[in-house]
Structures are given as C-alpha cells and as structure tokens.
Amino acid sequence: MNPTEEAVALPAREDTADHGYTGNKDAYLRRLKRIEGQVRGIARMVDEDKYCIDILTQVSAVTKALHAVSLGLVEEHIGHCVVGAASEPDPAARALAIDAKVKEAADAIGRLLR
C-alpha cells in the first residue's frame, strides 16, 4: 500500500451463506483469478523493463476487469440484499432495512467512483 493511502475499514457483517453473489460465486472467483494473473503479468513487465505504454495498457485492462466485477457485485447487492430488505414483514423494520441497504450500495458506489 502506498504510504499516503489509508486502509479502508469495512463495517463488520454478519456471516451468511446466502449473499447476493452466492449463485455466481464460481464465476466471480474465475474472473478474480484471471485478474490476479494479469496483475502478476504487469509486475513481470515492470521487472523486465517493458515499455511504459504497454504496461499502462495492461493496467487499464485490469482496471476495466475490476470495474466489471464491482458492477456485478453492486447489481447482486441491489437485486438480493435491497430487494430482500423489502420483504421484511414489519413496515417500520422494512423501511429501516431498505434505507440501510440502499445506503450501503450508495456508499460502495461512491468508493468505486473515487
């Protein structure tokens, strides 16, 4: 981590086997493994003193791949977690749950846009 960057502390979440992405977990893991390989390739390019524009092209590809994963996870959160909060039977608890899940999504999107 760059010394000027701060670690982002994420709030604790209850462990649940059923997250929005659970049905697509294997696909997410495959994509992340591919991205991991791309990042290792970029490190190898730097180590081998490859041309800077070629390295930047690969960094751009990894960034796009991570954005695709992020957008998929946001979509899964909205489709599962926000919609799930809307099924809360108690109207007052439902309103609070929906607000909390929408805020989580908005905060996550805000972090993605920084």
Side-chain angles (χ1 to χ4, degrees):
M1 181 180 342
N2 184 327
T4 60
E5 293 176 356
E6 292 181 26
V8 176
L10 297 176
R13 299 278 179 251
E14 59 185 67
D15 286 335
T16 303
D18 187 29
H19 296 291
Y21 63 85
T22 300
N24 296 316
K25 182 177 178 178
D26 290 338
Y28 280 113
L29 288 172
R30 280 191 305 273
R31 291 177 89 177
L32 290 167
K33 291 279 186 193
R34 199 171 330 126
I35 292 167
E36 180 182 15
Q38 287 177 289
V39 171
R40 280 194 309 271
I42 293 168
R44 193 169 38 255
M45 290 175 77
V46 170
D47 186 51
E48 295 171 358
D49 295 317
K50 298 295 181 182
Y51 185 56
C52 51
I53 297 302
D54 294 339
I55 296 169
L56 288 170
T57 299
Q58 294 306 311
V59 169
S60 176
V62 168
T63 301
K64 285 178 125 178
L66 283 171
H67 282 157
V69 169
S70 299
L71 289 173
L73 289 169
V74 167
E75 184 177 334
E76 302 272 11
H77 175 73
I78 292 169
H80 179 266
C81 301
V82 175
V83 170
S87 66
E88 169 64 45
D90 179 321
R94 179 174 50 240
L96 290 173
I98 291 170
D99 286 348
K101 294 302 177 183
V102 168
K103 177 150 179 36
E104 284 178 345
D107 290 346
I109 292 166
R111 287 189 300 273
L112 289 171
L113 294 175
R114 284 189 206 134

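Computed from heavy atoms alone, side chains included, the values below leave out hydrogens, waters and symmetry copies.
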Looking at every non-hydrogen atom in both residues, tell me the closest pair between [X] and [Y] and how far apart they are.
| X | Y | value |
| --- | --- | --- |
| Ala68 | Arg31 | CB-NH2, 3.1 Å |
| Ser87 | Gly84 | OG-O, 2.6 Å |
| Ala65 | Gln38 | CB-OE1, 4.2 Å |
| Ile35 | Val62 | CG2-CG1, 3.9 Å |
| Ala86 | Arg94 | O-CD, 3.0 Å |
| Lys50 | Ile55 | O-CD1, 3.6 Å |

Look at the side-chain heavy atoms of Ile, Leu, Val, Met, Phe, Trp and Tyr, link any pair under 4.5 Å apart, and say whether [X] and [Y] land in one connected group.
| X | Y | answer |
| --- | --- | --- |
| Val39 | Val59 | yes |
| Leu113 | Leu71 | no |
| Val82 | Leu73 | no |
| Leu56 | Tyr51 | yes |

CA sep, side-chain torsions, deciding dist, call: Lys33, Tyr28, side chain to side chain contact (heavy atoms under 4.5 Å, CB included): CA-CA 9 Å; Lys33 291 279 186 193; Tyr28 280 113; over 6 Å; no

Would you check if [X] and [Y] make a side-chain contact, meaning some heavy-atom pair closer than 4.5 Å?
| X | Y | result |
| --- | --- | --- |
| Glu75 | Tyr21 | no |
| Val102 | Ile78 | no |
| His80 | His19 | no |

Side-chain ion pair, Asp107 and Lys103, N-O less than 4.0 Å: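 Between Lys103 and Asp107 there is a salt bridge, with a charged N closer than 4.0 Å to a carboxylate O.
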
Under 3.5 Å donor-acceptor, Asp90 side chain and Ala93 backbone: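 Side chain of Asp90 to backbone of Ala93: a pair is present.
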
Side chain Ser70, main chain Leu66, donor-acceptor under 3.5 Å: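 Confirmed, Ser70 side chain pairs with Leu66 backbone.
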
Rounded distance [0.5 Å steps], CD in Glu36 versus CG in Leu29: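 Going from CD on Glu36 over to CG on Leu29, the span is 10.5 Å.
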
